[in-house]
There are 2 protein chains.
Amino acid sequence: MIISDVDSAFRALADPTRRRILQLVANQPLSAGEIANHFQTTRPAVSQHLGVLREAGLLSESRDGSRRLYQAESMAVDDVINHLQSFWSPRLQELKRQAERKERHRHAKP
Amino acid sequence: MIISDVDSAFRALADPTRRRILQLVANQPLSAGEIANHFQTTRPAVSQHLGVLREAGLLSESRDGSRRLYQAESMAVDDVINHLQSFWSPRLQELKRQAERKERHRHAKP
DNA sequence: ATAGGCTGTAAGCTGTTGCTTACGTTAGCG
DNA sequence: CGCTAACGTAAGCAACAGCTTACAGCCTAT
């Protein structure tokens, strides 16, 4: 588990702007200014979003001179997806068990 | 796509209490009071959480006399997981493409 | 009909979020 | 050394989220 805590990661992903940012820097690192150019809001607002994503462990930061490059922490996003799946999988296992039980009943008394 | 809109579903899942509620009613329907008994907060607070989950399409409501039974809308949760995966999969595809390109280069000039 | 559960809902409060404007800071360049 | 570009950060504000208390609406049983 890379992400610091699940709640902050979920909250970070709950914002559509932040999800778009994450998509932007999924394949290549981008500077804060380049990221901000993709949005209508001001640069400080984007910078704050970057802070939230970084705080949640979904983003890694590196420096290139006076610029700061951001890139998605892909394994962290995978962690969130995996957590959501394992959070939900007991429900599927239970469904499967119920189906099997019903199947056995059908065989027991036809 | 069952869920009304992705944003509301994400925001609904961002709250840990609501995720626990969703787990509680994943396998069997429960009344609002039974659900509230699992938490320290007051019953109205839980009722509001139920409203958020229902609004997001993650919960279905049925009536049993004076009680109201809630149950997770399993396909809606699956939708969210699938959306997250397809939202993130382009990144994986790109990684794969880069790996293949690198592989071809390795073959081209050894 | 009326009494009593079981519940949603309104009102009000507090903490948080997301935005903007203004300012501080660091790197690179003349 | 200044000067500029590229940033983060503080301050302030409107909107919202989540909680509690108080109240109103059903349904059932008597």
Side-chain angles (χ1 to χ4, degrees), chain A residues 3-25 28-73 80, chain B residues 3-25 28-73 80:
Chain A
I3 50 180
S4 51
D5 107 272
V6 185
D7 279 6
S8 60
F10 265 108
R11 277 195 295 101
L13 286 174
D15 188 276
T17 302
R18 286 196 284 263
R19 285 200 302 274
R20 283 188 55 202
I21 290 179
L22 216 50
Q23 275 187 312
L24 274 176
V25 295
Q28 83 279 21
L30 287 178
S31 71
E34 290 169 332
I35 296 173
N37 286 338
H38 285 79
F39 297 92
Q40 288 189 329
T41 65
T42 57
R43 188 188 50 71
V46 171
S47 184
Q48 285 170 1
H49 280 306
L50 291 172
V52 172
L53 287 168
R54 186 176 50 79
E55 196 77 15
L58 296 171
L59 222 55
S60 68
E61 177 185 335
S62 61
R63 311 206 53 155
D64 171 35
S66 75
R67 309 192 317 161
R68 300 191 193 194
L69 299 181
Y70 292 93
Q71 188 158 17
E73 199 69 52
V80 177
Chain B
I3 50 180
S4 51
D5 104 273
V6 186
D7 278 7
S8 59
F10 265 107
R11 275 193 299 100
L13 286 175
D15 188 277
T17 301
R18 286 197 284 263
R19 284 200 302 276
R20 282 187 57 199
I21 290 179
L22 216 50
Q23 276 187 312
L24 274 176
V25 296
Q28 83 279 20
L30 288 179
S31 71
E34 290 168 330
I35 296 173
N37 285 339
H38 285 79
F39 299 91
Q40 288 191 326
T41 65
T42 57
R43 189 190 49 72
V46 171
S47 184
Q48 286 169 1
H49 280 306
L50 291 171
V52 172
L53 287 167
R54 187 175 48 78
E55 195 77 15
L58 296 172
L59 222 56
S60 69
E61 178 185 333
S62 61
R63 311 206 51 154
D64 171 35
S66 75
R67 307 193 315 160
R68 301 191 191 193
L69 300 181
Y70 291 92
Q71 189 157 17
E73 199 69 53
V80 177

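Convention: sequence-line order gives letters A, B, ...; per-chain numbering from 1. All values reported here derive from a predicted model rather than from experimental measurement.
- B:Gln40 places its CD atom 16 Å from the C1' atom of D:dG18, with the value rounded to the nearest Å.
- Considering only side-chain N and O atoms, B:Ser66 lies nowhere under 4.0 angstrom from the phosphate OP1 or OP2 of D:dT28.
- For A:Ser47, no side-chain nitrogen or oxygen approaches OP1 or OP2 of D:dT9 to under 4.0 Å.
- Using a 4.0 Å heavy-atom criterion, one finds that A:Arg54 contacts no nucleic acid atom at all.
- The interatomic distance linking B:Asp64 (CG) with C:dG8 (P) rounds to 13 Å, in whole Å.
- Checked for salt-bridge contact, A:Arg19 and B:Asp7 meet the test: a charged N lies under 4.0 Å from a carboxylate O.
- Between A:Arg11 and C:dT16 there is no side-chain N or O to OP1 or OP2 distance below 4.0 Å.
- Atom CZ of A:Arg43 and atom P of D:dT9 are 11 Å apart (whole Å).
- A:Ser31 comes within 4.0 angstrom of the backbone, heavy atoms only, and of no base.
- Using a 4.0 Å cut-off between charged side-chain N and carboxylate O, A:Glu73 and A:Arg54 make no salt bridge.
- Residue A:Asp15 has its side chain nearest to C:dG18 when only D:dA17, C:dT21, C:dG18 are considered.
- The two residues A:Val25 and A:Gln71 make their nearest non-hydrogen contact at O-CG, 3.6 Å.
- Comparing D:dT9, C:dC19, D:dC19 by their nearest atom to the side chain of A:Gln48 picks out C:dC19.
- Comparing the start and finish of the helix from C:dA1-D:dT30 to C:dG30-D:dC1, five pairs each, the helix axis swings through 10°, to the nearest 10 degrees.
- Closest to the B:Ala32 side chain, of the nucleotides C:dG8, D:dG18, D:dG8, is C:dG8.
- No donor-acceptor pair closer than 3.5 Å links the side chain of B:Arg68 to the backbone N or O of B:Arg63.
- Minimum atom distance to the side chain of A:Thr41 is reached by C:dC19, of the listed C:dC19, D:dT9, D:dT21.
- Close to D:dA17, at under 4.0 Å from its OP1 or OP2, lies no side-chain N or O of B:His49.
- Closest approach of B:Tyr70 to B:Ala32, counting heavy atoms only: CE1-CB, 4.1 Å.
- Of the residues near DNA chain C, B:Arg68 and A:Arg67, the one whose nearest nucleotide (by heavy atom distance) lies more toward the 5' end is B:Arg68.
- Residue A:Tyr70 places at least one side-chain N or O closer than 4.0 Å to OP1 or OP2 of D:dG8.
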